[in-house]
There are 2 protein chains.
Amino acid sequence: MNHAASPASQTGAPNAPAALYQQVKDYIAREIQSGAWRPGDRVPSEQELVTRFSVSRMTVNRALRELAEQGRVVRVAGVGTFVAEHKPQSTLLSVVNLQDEIRMRGHDYACDVILVERVAASIEVAAALDLHTGESVFHSVCVHREDGVPIQLEDRYVNPRVAPDFITQDFRNTQPGEYLLRNVPYDQVEHVVDAISATAEQATQLEMPATQPCLLLTRRTWTAGVPVTFVRCLHPGNRYRLGSRFRADGNPAFG
Amino acid sequence: MNHAASPASQTGAPNAPAALYQQVKDYIAREIQSGAWRPGDRVPSEQELVTRFSVSRMTVNRALRELAEQGRVVRVAGVGTFVAEHKPQSTLLSVVNLQDEIRMRGHDYACDVILVERVAASIEVAAALDLHTGESVFHSVCVHREDGVPIQLEDRYVNPRVAPDFITQDFRNTQPGEYLLRNVPYDQVEHVVDAISATAEQATQLEMPATQPCLLLTRRTWTAGVPVTFVRCLHPGNRYRLGSRFRADGNPAFG
DNA sequence: TAGTGGTCTAGACCACGGC
DNA sequence: CCGTGGTCTAGACCACTAG
């Protein structure tokens with residue numbers, strides 16, 4: 001194995017050998033992927049890998065730490081490293097900011113704010129925002145358009161405790177979601193995707209036939225554990241889809 | 001700042017101070033989150049942080065590297081580290097293995113294999129699997145059930161070049177997707193989610209009314225760059241949803 | 001007590017980009 | 001040229017777990 005004095009392992013280097021930690025990582029990943037090491041099997045200890053690859057412990061440690069972050073191995077201090085049980089066959093789908101996504105496609109983005117009001121929380125909204133039924137909440141409805149075509153009907157509820165000035169904003173230039181992102185950034189988010197039919201009113205607002213199935217993206221966000229917003233985004237099924245591309249090595253590349 | 005001789009920063013330690021790299025990470029994350037450092041702003045160099053926090057460069061490097069992995073900063077070798085442009089408001093949704101998911105809920109899982117055949121690739125299938133139209137491909141159709149209720153109609157095409165024995169398998173005990181996972185593990189995957197209407201035949205197979213909107217999950221997988229399988233999973237909208245919960249600090253926790 | 005992983009240090013060499 | 005980040009080393013101390 002080549003050492004510190006060896007050719008570059010720099011990002012840009014064209015035909016450079018992989019970084020040492022990456023070589024160790026690849027080796028372990030291959031043993032797991034090939035089935036040579038089964039789930040639950042013990043992975044060689046850091047010290048064993050140090051001697052086997054003739055690298056320092058920090059290098060082996062980085063390889064194992066990153067594999068653990070990816071969920072391929074489980075590390076237990078004082079015990080050892082093990083092949084993760086049952087490669088949780090989960091994959092990731094990306095949910096991107098609509099405005100950025102549309103503009104990145106080079107298309108025109110517009111947002112019609114249909115409604116901004118203060119209402120009493122329904123049972124559902126109160127539960128979602130962790131408030132009492134009947135408490136005052138902010139409510140907004142907008143239609144987002146791509147090149148003039150409605151792409152999303154956004155039905156949003158906002159917790160006045162964390163965004164008291166929401167109701168007094170001028171939403172002609174900044175859409176509600178954008179305002180919240182800038183002023184009440186969240187640190188936790190929950191998403192749910194459903195396929196449903198639109199109501200007659202929703203179909204009208206989205207300028208689509210009522211028979212068209214829709215994608216419903218429901219999102220809740222929190223900041224420091226306090227609910228910020230609860231929003232239902234309704235997309236005509238023939239005008240919107242969620243997608244992702246994922247490479248095994250760790251970094252997802254979305255397209 | 002406390003040093004090597006300081007109290008534990010071990011995982012298990014109850015009231016131990018955070019690890020030094022974590023403290024540096026937290027500091028930078030706070031400056032960004034609070035808005036003190038705007039997108040595009042330069043983050044102090046590793047050397048500056050080393051002197052400011054009186055820690056070693058490796059420690060600062062780990063903090064910055066992990067922030068870069070999370071997409072909060074962008075690092076350019078030879079130039080510097082910068083606050084990431086407009087936190088690409090993307091979030092992740094998990095797509096989990098259906099069989100595991102159902103069993104994890106404590107429900108009964110079953111799979112009816114409707115069909116396994118060899119067919120000539122249509123234009124669409126040929127494009128998806130990177131084959132020529134009319135080339136021979138394997139085709140299977142199954143219905144997956146949760147407690148007897150159809151949850152997914154799986155329409156799968158398999159590249160015979162990478163899974164030549166697919167057609168000769170006995171799928172009474174192992175379902176097609178499971179066979180592929182075990183024998184032709186993939187290293188790249190693409191997912192797309194749509195909301196569509198089921199055809200009459202599909203509605204019958206799923207034992208659902210034809211008017212019910214459906215979630216269509218289309219997946220393609222590759223191994224070493226070669227397409228493995230192209231599968232369309234159709235879910236009745238009222239019996240299935242995709243969901244995720246994401247914490248800001250890095251590791252998504254799905255529920 | 002011996003082995004494990006978790007963290008940290010104080011150096012080091014390298015490729016890159018801007019000056 | 002210098003400062004930047006990317007990587008690597010050969011040690012070190014610690015807490016935890018098991019025999």
Side-chain angles (χ1 to χ4, degrees), chain A residues 1-26 28 41-69 72-84 250-251, chain B residues 1-26 28 41-69 72-84:
Chain A
M1 173 151 295
N2 37 23
H3 276 89
S6 68
S9 44
Q10 195 78 350
T11 312
N15 289 326
L20 295 182
Y21 79 88
Q22 187 65 51
Q23 294 181 37
V24 176
K25 214 173 141 181
D26 287 345
I28 296 167
D41 280 2
R42 186 194 195 90
V43 171
S45 73
E46 297 194 351
Q47 189 50 53
E48 287 176 282
L49 291 167
V50 161
T51 60
R52 181 181 311 184
F53 285 92
S54 300
V55 296
S56 81
R57 196 182 146 218
M58 276 299 280
T59 300
V60 165
N61 179 271
R62 176 166 173 187
L64 288 171
R65 177 164 23 95
E66 294 189 357
L67 286 168
E69 264 167 26
R72 313 232 253 208
V73 301
V74 175
R75 314 199 73 194
V76 184
V79 181
T81 300
F82 305 88
V83 177
N251 286 334
Chain B
M1 175 152 293
N2 36 23
H3 278 88
S6 68
S9 44
Q10 196 80 346
T11 312
N15 290 326
L20 295 182
Y21 79 88
Q22 187 64 51
Q23 293 181 37
V24 176
K25 214 173 142 183
D26 287 345
I28 295 167
D41 281 1
R42 186 194 194 92
V43 171
S45 75
E46 296 194 351
Q47 189 49 54
E48 288 176 281
L49 292 167
V50 161
T51 60
R52 182 182 310 186
F53 284 92
S54 300
V55 296
S56 82
R57 199 185 143 215
M58 277 300 277
T59 300
V60 165
N61 179 271
R62 176 166 174 188
L64 287 172
R65 176 164 23 95
E66 294 190 356
L67 286 169
E69 264 167 25
R72 314 235 254 209
V73 301
V74 175
R75 314 199 74 192
V76 184
V79 181
T81 301
F82 305 88
V83 177

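Just so we're on the same page: letters track the sequence lines, and every chain starts at 1.
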> D/dG5 C1' sits how many Å from B/L49 CG, rounded?
Replying inline: 12 Å
>> Just N and O in the side chain of A/R62: are any of them under 4.0 Å from OP1 or OP2 of D/dT7?
In response: yes
>> Distance check needed: D/dG11 P versus A/Q47 CD, whole Å only.
In response: 11 Å
> Does the distance from a Lys or Arg side-chain N to an Asp or Glu carboxylate O, for A/E69 and A/R65, drop under 4.0 Å?
Replying inline: no
> What is the distance from CZ of B/R65 to P of D/dG6, rounded to the nearest Å?
Replying inline: 9 Å
> Counting just side-chain N and O atoms, does B/S45 come under 4.0 Å of either OP1 or OP2 of D/dG3?
Replying inline: no
>> Does a side-chain N or O of A/S56 approach OP1 or OP2 of D/dG11 to a distance below 4.0 Å, or not?
In response: no
> Roughly how many Å is it from CG in A/N61 to P in D/dT7, rounded to a whole number?
Replying inline: 15 Å
> Does A/T59 place a side-chain N or O at less than 4.0 Å from the phosphate oxygens OP1/OP2 of D/dT9?
Replying inline: yes
> Between C/dG6, C/dT9, D/dT9, which nucleotide gets closest to the side-chain atoms of A/L20?
Replying inline: D/dT9
> Minimum heavy-atom separation for B/V43 to B/F82, with atom names?
Replying inline: CG2-C, 4.0 Å
> Expressed in angstrom and rounded to an integer, what is the separation of A/L64 atom CG from C/dG3 atom C1'?
Replying inline: 15 Å
> Rounded to the Å, how far apart are B/Q23 CD and C/dG6 P?
Replying inline: 18 Å
> Which pair of non-hydrogen atoms, one from A/V50 and one from A/R57, has the smallest distance, and what is that distance?
Replying inline: CG2-CA, 3.4 Å
> Partner of C/dG17 by Watson-Crick or G-U wobble geometry, both contacts under 3.5 Å, or none?
Replying inline: D/dC2
>> Could you measure the distance from the CD1 atom of B/I28 to the CD atom of B/E66? Nearest 0.5 Å is fine.
In response: 11.0 Å
> B/R75 side chain N/O closer than 4.0 Å to the phosphate oxygens (OP1, OP2) of D/dG6?
Replying inline: yes
>> Please tell me if B/R57 has a side-chain N or O lying less than 4.0 Å from either OP1 or OP2 of C/dG11.
In response: no
> Where is the tightest heavy-atom contact between A/R42 and A/V79, given as atom of each residue plus distance?
Replying inline: NH2-O, 2.8 Å
> Quick one: is B/Y21 getting a side-chain N or O under 4.0 Å of the C/dC8 phosphate, OP1 or OP2?
Replying inline: no
> What integer distance in Å separates B/M58:CE from C/dT7:P?
Replying inline: 13 Å
> Rounded to whole angstrom units, what separation is found between the CD atom of B/E46 and the C1' atom of D/dG3?
Replying inline: 11 Å
